[in-house]
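Step one of this worksheet: look at the structure below.
Chain A is the first sequence line, chain B the second, and so forth, proteins listed ahead of strands; every chain is numbered from 1.
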There are 2 protein chains.
Amino acid sequence: MARPNRDPEHLAVLQDYYARHRLIPSYSTLSTLLGFRAKTAAARLVGRLEVAGYLKRTPDRRLAPTPRFFERPRAIAPVRAGMPEAAIDAPADMESLDALLVRRPSITFLMTIKGDSMIDVGLMPGDTVVCERRQLAEVGDIVVALLADELTVKTLIRENGRFALKPENKAGDYPVLRPDAMQIIAVVTGSFRSYRR
Amino acid sequence: MARPNRDPEHLAVLQDYYARHRLIPSYSTLSTLLGFRAKTAAARLVGRLEVAGYLKRTPDRRLAPTPRFFERPRAIAPVRAGMPEAAIDAPADMESLDALLVRRPSITFLMTIKGDSMIDVGLMPGDTVVCERRQLAEVGDIVVALLADELTVKTLIRENGRFALKPENKAGDYPVLRPDAMQIIAVVTGSFRSYRR
DNA sequence: TTGATTAGTGTACGTTCGTACACTAAAATG
DNA sequence: CATTTTAGTGTACGAACGTACACTAATCAA
């Protein structure tokens, strides 16, 4: 039909640029980046990438990346024989983990897990939880609550029409907490740990 | 001395905007966002945020966020009586998730945990592990190994002078793997999950 | 080989953006 | 209360940006 489509290759360059600068460049600099001599070429490319769902426009018509822009090959098991490289394809530029875990920076804070009361849901002592500061939580949410001047991480449950805080450790035999007064400080939206020494 | 400094508050709005759009807005839209009536105010604010190290300029003089822009406060428990705000808002330290979890982006990739064979060390099905690609691992490391064309996450142990792969699930009764040939693909340096619906 | 199709070129133009500059407003200090 | 300092206002202007449009180049299918 027509010319060969080099868009994937060009997208890769754009993704690298974004990884370095955290910014979609102007058509001019994108043209320079890709070796185009007319910035219209960059404009057309961007149009195609928009249609393909890699870029979108903000309310004020500026260019911004979409979630798809950040999709990276994750390692996938099973792997084809003798080809672990292909399955991994280590991306030189990784999506920012911050983007994955933090949606509203202004109300987000981190907290360290103390003790093993939430071990059944994979929250080990020393793990860091990502918390969004708000009072409204839903039943089933893991929340940060203020109890006797201590910040506690527990699952919010409902018992006989009352809210209670449930530890997640069958072996540890922790009691469900049914305080008279309880203040929800934040909702846990994620967690992480580092195995680095 | 002078007017109260509302920069932290304004920075928070900018950070939220960035989290939504992955883009630093123009001075005009930033002014609208913050309720400024002159875009010069936004320009001045941005200048201050540059000096403070939250923003920088790309080679073509466009505005981009710095690593510090992505730092989050870490709450400290226990809390002083009735003062949960202070523990969060006046944090001991600020940290960026990327800096914490990814030290060498070029050899780092992500992988999703399948199954519950590592549940005792807090790796639940669906969790994402951060892996650094390298062959040299130490005993006790959690590693990604290639076994029968499958990528497996296990703990590397030494048994009678031989290396072996140990699952971490006492209840599940998984066997220790003692393959004739085993290839270490990567070392797990971190893990995370999101509780978001 | 020809025709259809799509990528990139070159130029022109209106709009928006960033910056400069003089000015006003609000707080803290002495 | 006066002084000092810094945040925000208002206006103006050149430069950069995005877009439009006509044109050329490269590939594939018939």
Side-chain angles (χ1 to χ4, degrees), chain A residues 1-66 68-69 105-106, chain B residues 1-66 68-69 89-90:
Chain A
M1 289 245 267
R3 276 198 170 191
N5 191 313
R6 299 178 60 201
D7 287 0
E9 176 188 338
H10 292 152
L11 172 61
V13 174
L14 179 56
Q15 285 170 326
D16 283 355
Y17 183 93
Y18 188 92
R20 270 200 305 282
H21 300 295
R22 303 238 101 83
L23 166 77
I24 303 287
S26 69
Y27 290 158
S28 332
T29 53
L30 182 55
S31 292
T32 309
L33 215 58
L34 298 174
F36 292 160
R37 301 208 284 177
K39 61 180 175 178
T40 308
R44 298 268 175 78
L45 169 67
V46 163
R48 271 170 268 141
L49 293 178
E50 276 186 73
V51 172
Y54 290 102
L55 297 171
K56 68 174 183 346
R57 301 226 167 240
T58 58
D60 54 338
R61 308 235 349 107
R62 286 166 83 102
L63 267 181
T66 64
R68 167 169 296 180
F69 185 87
S106 63
Chain B
M1 290 249 264
R3 277 196 166 191
N5 190 314
R6 299 177 61 201
D7 286 359
E9 177 187 337
H10 292 151
L11 172 61
V13 175
L14 179 56
Q15 284 171 325
D16 282 357
Y17 183 93
Y18 187 92
R20 269 200 305 283
H21 299 294
R22 299 275 147 222
L23 166 77
I24 303 287
S26 70
Y27 290 158
S28 331
T29 53
L30 182 55
S31 292
T32 309
L33 216 58
L34 297 174
F36 292 159
R37 302 209 284 177
K39 61 180 176 176
T40 308
R44 297 271 174 78
L45 169 67
V46 162
R48 271 172 267 139
L49 293 178
E50 275 185 74
V51 171
Y54 290 102
L55 298 171
K56 68 173 182 350
R57 300 220 167 246
T58 59
D60 53 338
R61 306 235 350 108
R62 287 165 85 101
L63 268 179
T66 64
R68 167 169 295 179
F69 187 85
D89 291 341

Legend entry - Partner residues of B:Tyr18 under the side-chain hydrogen bond (donor to acceptor under 3.5 Å, both in side chains) criterion, sequence neighbours left out: A:Tyr18
Legend entry - CG-CZ distance between A:Leu63 and A:Phe69, expressed to the nearest 0.5 angstrom: 10.0 Å
Inset, instruction - Could you name each residue pair satisfying salt bridge (Lys or Arg N to Asp or Glu O under 4.0 Å) that touches residues 51-65 of chain B, not counting sequence neighbours? - result: B:Glu50-B:Arg57
Inset, instruction - Check DNA chain C against residues 42-58 of chain A and give the residues with a non-hydrogen atom under 4.0 Å, in numerical order. - result: A:Arg44, A:Arg48
Check nucleotides 11-17 of chain C against the protein and report each pair of N or O atoms closer than 3.5 Å, with its distance, or say if there are none.
from: C:dC17; atom 1: OP2; to: B:Ser28; atom 2: OG; distance (Å): 3.4

Legend entry - Nearest heavy atoms of B:Leu55 and B:Pro65, plus distance in Å: CD2-CA, 3.9 Å
Identify every side-chain donor-acceptor pair in residues 35-44 of chain A under 3.5 Å, counting partners at least two apart or on other chains, and give the distances.
none

Inset, instruction - Examine D:dA7: is either OP1 or OP2 under 4.0 Å from a nitrogen or oxygen in the side chain of B:Asn5? Give yes or no. - result: yes
Legend entry - Overall bend - the helix from C:dT1-D:dA30 to C:dG30-D:dC1, comparing terminal axes fitted on five pairs, nearest 10 degrees: 40°
Inset, instruction - Check step by step if side chain to side chain contact (heavy atoms under 4.5 Å, CB included) holds for A:Leu14 and A:Leu49. - result: CA-CA 11 Å; A:Leu14 179 56; A:Leu49 293 178; 4.1 Å; yes
Inset, instruction - Test side chain to side chain contact (heavy atoms under 4.5 Å, CB included) on B:Val51 and B:Arg48 and set out the steps. - result: CA-CA 5 Å; B:Val51 171; B:Arg48 271 172 267 139; 5.7 Å; no
Legend entry - Minimal non-hydrogen separation, B:Ala64 against A:Leu23, with atom names: CB-CB, 4.5 Å
Inset, instruction - Starting at atom CZ of A:Phe36, determine the distance to atom C1' of D:dA25, rounded to an integer number of angstrom. - result: 14 Å
Inset, instruction - Quickly work out the B:Arg61 CZ to C:dT19 C1' distance and round it to whole Å. - result: 10 Å
Inset, instruction - Could you state the atom-to-atom distance from CD1 of A:Ile24 to P of D:dA16 in whole Å? - result: 21 Å
Legend entry - Polar side-chain atom of B:Thr66 near backbone of B:Gly53 as donor-acceptor pair, under 3.5 Å: yes
Legend entry - Chi angles and distances behind the side chain to side chain contact (heavy atoms under 4.5 Å, CB included) call for A:Val46, A:Ile24: CA-CA 10 Å; A:Val46 163; A:Ile24 303 287; 6.0 Å; no
